Amino acid sequence: MYYKLLLAALGFFVSSALSKSPHEKLLVVSYDGFRYDYLNLNITPYLNSLKKSSTYAKCLLNVFPTQTYVNHFSLATGLYSEAHGVIGNSVYDKEKKKVVGYSYDLFHYNKNVIPIWTLNERAGKGRHSGVMMWAGGEYEYGGVNVTFSKSYDENMSWNESAETALSWFVHPETPANLVMLYFDEPDNQSHNSGPATVSERTREQIKKTDNITKYIMDYLKKNDLQDVNVVFLSDHGMEGITLKQIIDLTKFVGNKTDMYGASPVLQIYPKPGESVRRIYKLLHSAAKKNKHFKVYLKRNIPKHFHIKNCRRTAPIIAVADPPYGFQDYYKSIQWQIDNRGESPTGVYGIHGYDPRTISMHPYFIAHGPLFRKNYAAGVLRTVDMYPMFAHVLNLKLPRFRPNGSFSGVKDIFRHKY
């Protein structure tokens, strides 16, 4: 009996070893809304200890608007929002005359876009990708689907989603060499009770991310996956907002416009019979008096927003200054008050501002055999993550080149390039 058990154990070990991909392996883990300075709150002991054996950035400089779908797709493509077309969590498609929410259409504005998971699958030779709840990951691109995918499921426990995603690395038939794993906190709680700097409930969610980080790293060690390069990062930061900081733009233009998107960025379309110039003048005059928001004609949108060269961008956009928002967010806060018993004088969470706003910046830690240890990398860029991922995976960049470049991340690797 003893020998049978021993042979069975040996057989399992051999099959597990053989099921690992022969290619360089990469795991990318995103904690939604994890601000760059949350690591300084003394509530993430594991993540902070991991920095000693990893490369870590002061922060990531993300893309405009600093929202979830936008930046997760920029992480996956290396493109600014004007290039991949996801210019908000929802967009108005003027050609189809409808609002496009989370869907195939949202992520397929540009048919030349090849997310990193698709680039990996297309390289062939036994390369397989897995995408767990990452924005846009369940769709095909260029006719190619990933080997493993799971769309967003708020009822799936963190341990279950982590274990499912990590098991793809040791799948007996098609072991993955790239896995993208998404968690919806601390963003979700932050919207309800404000950023971690003011909310104990948000701090509890950050502690939860620290615990799942340890779970992930322990799993890799137990399953002989220490050759996996792991990148922990986020899409955006968070700012606090109160009801008193809501600006109602309809007070300045009445019902003469349709407004789409979400605070602090609204896409504004004059209604039929109303001129763009007239609506802009009304809003611009109000902005000069109010001093807490800015309004732009499409052609005058700041270059560093990288959003004006997109068919989906409205003729006018309004952008609130931190920590302000527009009337759409009043409804969101009021819902929290009415349905969850939140305080009318409480602090809530908001993001989406100019990427140069420090509170919008995410964090970054890279751990594994390819990355330098205990190395402070300064400020990195979200758009440079795609060429970095491609380098780790030994993939050639596609013909449709990303906006990011490898030169922005080459110093974080152990070997000089």
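Residue numbers start at 1 and run along the sequence shown. These figures come from a predicted structure and were not determined experimentally.
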With heavy-atom distances below 4.5 Å as the criterion, would you say the side chains of [X] and [Y] are in contact?
X    : Y    : answer
L220 : L166 : yes
L27  : I216 : yes
H84  : S74  : yes
T197 : M238 : no
D227 : K25  : yes
D321 : Y353 : no
N177 : L393 : yes
H351 : E239 : no

Less than 4.0 angstrom from a charged side-chain N to a carboxylate O is my criterion; do [X] and [Y] meet it?
X    : Y    : answer
E204 : K207 : yes
D105 : K96  : yes
K331 : D328 : no

We want to know whether [X] and [Y] form a side-chain donor-acceptor pair, criterion being a heavy-atom distance below 3.5 angstrom.
X    : Y    : result
S407 : S405 : yes
D32  : H72  : no
N159 : E163 : no
Q336 : N192 : yes
S21  : H128 : no
N48  : T44  : yes
Y31  : T213 : yes
E140 : Y104 : yes
S19  : H171 : no
H191 : Y329 : yes
T209 : E185 : no
Q205 : T202 : no
D248 : T250 : yes

Nearest 0.5 Å please: distance from the [atom1] atom of [X] over to the [atom2] atom of [Y].
X    : Y    : atom1 : atom2 : value
M133 : S161 : CE    : OG    : 5.0 Å
R381 : M388 : CZ    : CE    : 13.5 Å
R35  : L41  : CZ    : CG    : 8.0 Å
I206 : N211 : CD1   : CG    : 12.5 Å

Are there more than 12 heavy atoms of other residues, nucleotides or ligands under 6.0 Å from atom [atom1] of [X]?
X    : atom1 : value
K58  : NZ    : no
Y269 : OH    : yes
K281 : NZ    : no

Least distance between heavy atoms, [X] atom then [Y] atom:
X    : Y    : result
M385 : L60  : CE-CD2, 4.1 Å
S234 : P362 : O-CB, 3.4 Å
E82  : N309 : OE1-N, 3.1 Å
I241 : P323 : CG1-O, 3.3 Å
S193 : S199 : OG-OG, 2.8 Å
I365 : S54  : CG2-CB, 3.7 Å

Checking [X] side chain against [Y] main chain: does a donor-acceptor pair fall under 3.5 Å?
X    : Y    : value
R312 : Y92  : no
H415 : L370 : no
N290 : A286 : no
Q67  : G352 : no
Y219 : K214 : no
H361 : P355 : yes
K256 : I279 : no
R122 : L119 : no
N120 : I116 : no
D235 : G33  : yes

Ring centres under 6.0 angstrom apart ([X], [Y]):
X    : Y    : result
F232 : F364 : no
Y363 : F34  : yes
F413 : F371 : yes
Y152 : Y102 : no

- Item | ring-ring contact (aromatic ring centres under 6.0 Å, His included) between F148 and W168, worked out | CA-CA 7 Å; F148 308 98; W168 295 335; 5.3 Å; yes
- Item | Ring geometry between W117 and F73 (parallel below 30°, tilted from 30 to 60°, perpendicular above 60°) |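 Plane angle between 30° and 60°, so tilted.
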- Task: Before giving the answer on ring-ring contact (aromatic ring centres under 6.0 Å, His included), spell out for Y296 and H284 the whole-Å C-alpha distance, their side-chain angles and the decisive distance to 0.1 Å.
- Result: CA-CA 8 Å; Y296 304 100; H284 182 67; 9.2 Å; no
